[in-house]
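Have a look at the structure below, then the notes.
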Amino acid sequence: MDKEIKTIRGVRDLLPEELEKWQFAEEKAVSLFKSFGFEEIRIPIIEEAALFQRSVGTYTDIVQKEMYIFSDKKGRVIALRPEATAGVVRAYIEHRMFDVKKIHKFYYSGPMFRYDRPQKGRYRQFYQMGVEIFGGENGFYDGEVILLLDKFISSIGFKDYIIEINSIGCNKCKPIYTEKLSNYLSENLSSFCNDCKIRAQNNVLRVMDCKNQTCQQILKDGPNINDFLCQDCKQHKEQTYQYLKIFSIPYKENPYLVRGLDYYTKTVFEVKISGEENSVAGGGRYDNLVDQLGGPCIPAVGFAIGMDRICEILKNPEKKDRIIWVVFLDEKSFAEGIPIIDKLRKKNIKIIIDYDKRSLKNYLKIVNKQKIEEVFILGENELSQKSFLYKNMKNGTQQLIHFNDITTFFGENL
RNA sequence: GUGGCUAUGGUGUAAUGGCAGCACGAGAGACUGUGGCUCUCUUAGAGCGGGUUCAAAUCCCGUUAGCCACCCCA
């Protein structure tokens with residue numbers, strides 16, 4: 001035998017049993033998104049690498065360390081998408097959608113790629129579902145995407161979770177605050193942990209959510225983002241919170257919440273399931289990104305859900321599909337039974353035929369093992385009466401059903 | 001990217017350098033038109049590569065993968 005080939009590091013197969021909850025969650029999300037007027041958009045998995053450098057940020061970890069990047073045969077520098085927002089914005093601009101109407105609402109779903117060190121809930125190919133709203137400046141839109149996220153999380157059965165929210169300012173006030181914080185850091189640099197010393201140079205804001213107790217203590221006396229928000233940002237923040245109250249969404253303001261992508265402005269938020277280490281969803285507003293990627297100045301807000309993390313916590317839903325196992329005992333029964341059985345498929349009943357010429361006993365054994373509850377048996381005896389023998393494996397009862405009555409039988413029993 | 005832990009049939013596990021065993025699962029069968037219980041048989045295993053040794057699942061080195069903490073993020 002030749003050497004077996006296995007999945008490469010950090011990626012995995014999702015097998016049928018596991019996928020039941022994935023499908024459950026995905027269906028919930030899609031119907032919810034649609035009910036709010038969001039439309040699906042599908043964007044490529046590969047893009048010009050520059051797209052992510054210009055949006056996510058050249059100095060973020062995602063772009064610097066975690067991006068799958070390669071040259072194609074013509075020497076173009078291509079990246080596997082590490083997230084979807086950049087691509088959606090690119091598409092939005094490329095198709096001049098802003099010329100069609102003011103507000104656009106999109107949802108997407110698919111795999112993303114980051115060259116991270118794998119761990120539970122952290123994969124190199126992972127799946128995100130998310131939404132983006134373009135053209136809405138008002139805090140209402142921030143509120144609406146958070147409402148949507150909240151509805152999704154609760155609709156799949158989670159009760160114990162927190163939505164954390166913060167404002168990190170805009171073009172005008174974010175740099176002022178960043179500089180203040182930077183100064184404060186250099187004054188006290190020796191007291192901070194080694195990681196923070198590095199952050200102070202590359203990504204100052206990230207110091208804020210350091211887990212080190214000492215760092216947090218020092219930060220308490222440092223500049224607070226809330227004191228530096230400009231008038232516009234303050235107002236937007238109040239507006240957003242107002243809508244959250246109207247939608248009655250419980251949230252927790254966390255002044256230390258910052259996010260690792262450069263494009264965020266004003267509102268940022270995350271969802272944490274209690275007892276879980278990783279956050280399962282995150283998002284925020286990005287009012288400058290469309291402009292930055294070559295489009296007009298159009299504000300936007302959105303979020304992404306980490307489906308792998310959601311499904312890791314989720315239990316498989318109860319199976320409720322009706323499955324009928326059909327047993328044919330001879331050739332003649334098979335020939336006559338197949339067209340009738342096919343009528344049932346048209347009625348959305350799942351039909352499994354295993355025509356392996358076994359004994360009835362063995363058929364039933366198989367059916368029992370697979371925990372299938374209903375069986376049709378067709379052999380000489382039944383055929384002479386133009387009927388199927390219907391057997392319920394759960395209570396052992398059985399009855400003859402005439403060929404002509406078969407669809408009505410299921411009409412009554414559905 | 002840094003540090004640590006782990007690795008035996010499909011799954012869960014046992015064997016303290018000396019014959020790789022058990023349970024579950026899976027397949028076939030024990031009245032060829034009636035399953036679940038029981039019984040019989042079958043199936044299949046040391047991640048990979050080196051080293052030490054008469055002898056390695058066991059000790060050593062490397063590697064790969066998973067997990068944990070960090071980092072980062074979904």
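Remember, predicted model here, so these are calculated numbers, not experimental data. Throughout, a chain's letter reflects where its sequence line sits, starting with A, and its residues are numbered from 1.
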For a quick check, tell me whether the side chain of A/Arg199 and the base of B/C72 share a donor-acceptor pair closer than 3.5 Å. no

Cation over ring, A/Arg124 on A/Tyr115, under 6.0 Å and within 45°? yes

Any strand: nucleotide that pairs with B/U13 via Watson-Crick or wobble, under 3.5 Å: B/G21

For A/Val367, which contact category applies under a 4.0 Å heavy-atom criterion: base, sugar-phosphate, or nothing? nothing

I'd like to know if A/Glu374 pairs up with A/Lys391 as an ion pair, taking the criterion as any Lys NZ or Arg NE/NH1/NH2 lying under 4.0 Å from an Asp or Glu carboxylate oxygen. no

Using a strict threshold of under 4.0 Å (side-chain N to carboxylate O), is an ion pair present between A/Glu40 and A/Arg42? yes

Checking N1-N3 plus N6-O4 or O6-N4 for Watson-Crick, or N1-O2 and O6-N3 for wobble, each under 3.5 Å, the partner of B/G62 is B/C48

Given the P atoms of B/G25 and B/A20, what is the spacing between them in whole Å? 27 Å

Distance-only donor-acceptor test, A/Arg114 side-chain atoms vs B/A74 base atoms, 3.5 Å: yes

Knowing that exactly one of A/Lys21, A/Arg122, A/Arg12 qualifies, which makes a salt bridge (Lys or Arg N to Asp or Glu O under 4.0 Å) with A/Glu312? A/Arg12

Inter-nucleotide C1' distance (B/G33, B/U38), Å rounded: 22 Å

Protein-nucleotide distance (A/Glu277, atom CD; B/C72, atom P), rounded to Å: 13 Å

How long is the line joining CD of A/Glu164 and P of B/A74, in whole Å? 14 Å

Expressed as a whole number of Å, how far does the P atom of B/G29 sit from that of B/A23? 23 Å

Go through the N and O atoms of the side chain of A/Arg122 and the base of B/C67, and report whether any donor-acceptor pair is under 3.5 Å. no

Starting from C1' on B/G66, measure out to NZ on A/Lys6 and report it in whole angstrom. 12 Å

Return the pairing partner of B/C41 with a 3.5 Å limit on both distances, Watson-Crick or G-U wobble; otherwise return none. B/G27

Report, as a single string ordered 5' to 3', how protein heavy atoms within less than 4.0 Å touch nucleotides 25-43 of chain B: B base, S sugar-phosphate only, - not at all. -SSSSBB-BBBB-------

Considering only atom C1', compute the distance from B/C59 to B/U16 and round it to an integer number of Å. 12 Å

Using a strict cut-off of less than 4.0 Å between a Lys/Arg side-chain nitrogen and an Asp/Glu carboxylate oxygen, indicate whether A/Arg90 and A/Glu47 qualify as a salt bridge. yes

For the aromatic rings, using the six-membered ring if either is Trp, is the centroid distance between A/Phe388 and A/Phe403 under 6.0 Å? yes

Please report the distance, rounded to the nearest Å, between CE in A/Met208 and C1' in B/C71. 18 Å

Base, sugar-phosphate or nothing for A/Gly283? Non-hydrogen atoms, less than 4.0 Å. nothing

Looking at the side chain of A/Glu66, which of B/C72, B/A74, B/C68 is the nearest nucleotide? B/C72

Roughly how many Å apart are B/G9 and B/C22, using the C1' atom of each and rounding to a whole number? 12 Å

Hey, does A/Tyr123 reach any base, or is it just sugar-phosphate, or nothing, if we go heavy atoms under 4.0 Å? base

Electrostatic pair A/Lys34:A/Glu39 at N-O distance under 4.0 angstrom: no

Answer for the Watson-Crick or wobble partner of B/C67, both distances under 3.5 Å, is B/G4

Are A/Phe106 and A/Phe38 near enough that their ring centres are under 6.0 Å apart? no

Counting only N and O atoms by type, is there a donor-acceptor contact under 3.5 Å from the side chain of A/Gln216 to the main-chain atoms of A/Met208? yes

For A/Pro118 and A/Phe126, find the nucleotide of RNA chain B closest to each by heavy atoms; which residue's nucleotide sits nearer the 5' end? A/Pro118

Centres of the A/Phe113 and A/Phe126 rings: under 6.0 Å? no

Checking contacts here: which listed nucleotide (B/G66, B/C72, B/A74) is nearest the side-chain heavy atoms of A/Asp61? B/C72

To the nearest Å, give me how far apart CZ (A/Arg124) and C1' (B/G1) are. 11 Å

Counting only heavy atoms from other residues, nucleotides and ligands, does the tally under 6.0 Å from CD of A/Gln64 exceed 12? yes

P atoms of B/A74 and B/A57, separation to the nearest Å: 47 Å

From NZ of A/Lys65 over to C1' of B/U2, roughly how many Å is that when rounded to an integer? 10 Å

Separation of A/Gln64 atom CD from B/G1 atom C1', in whole Å? 12 Å

P atom, B/G4 versus B/C60: distance in rounded Å? 15 Å

Separation of atom CZ in A/Arg309 from atom C1' in B/C73, rounded to whole Å: 6 Å

Per A/Asp116 side chain, nearest of listed nucleotides B/C73, B/C72, B/G47: B/C72

Can you tell me how the ring of A/Phe134 sits relative to the ring of A/Tyr92, calling it parallel under 30°, perpendicular over 60° and tilted otherwise? parallel

Nearest-angstrom distance, C1' atom, B/C71 to B/G3: 12 Å

Treating primed atoms plus P, OP1 and OP2 as sugar-phosphate and everything else as base, which nucleotides of nucleotides 3-10 of chain B get B, S or - for protein heavy atoms under 4.0 Å? BB------

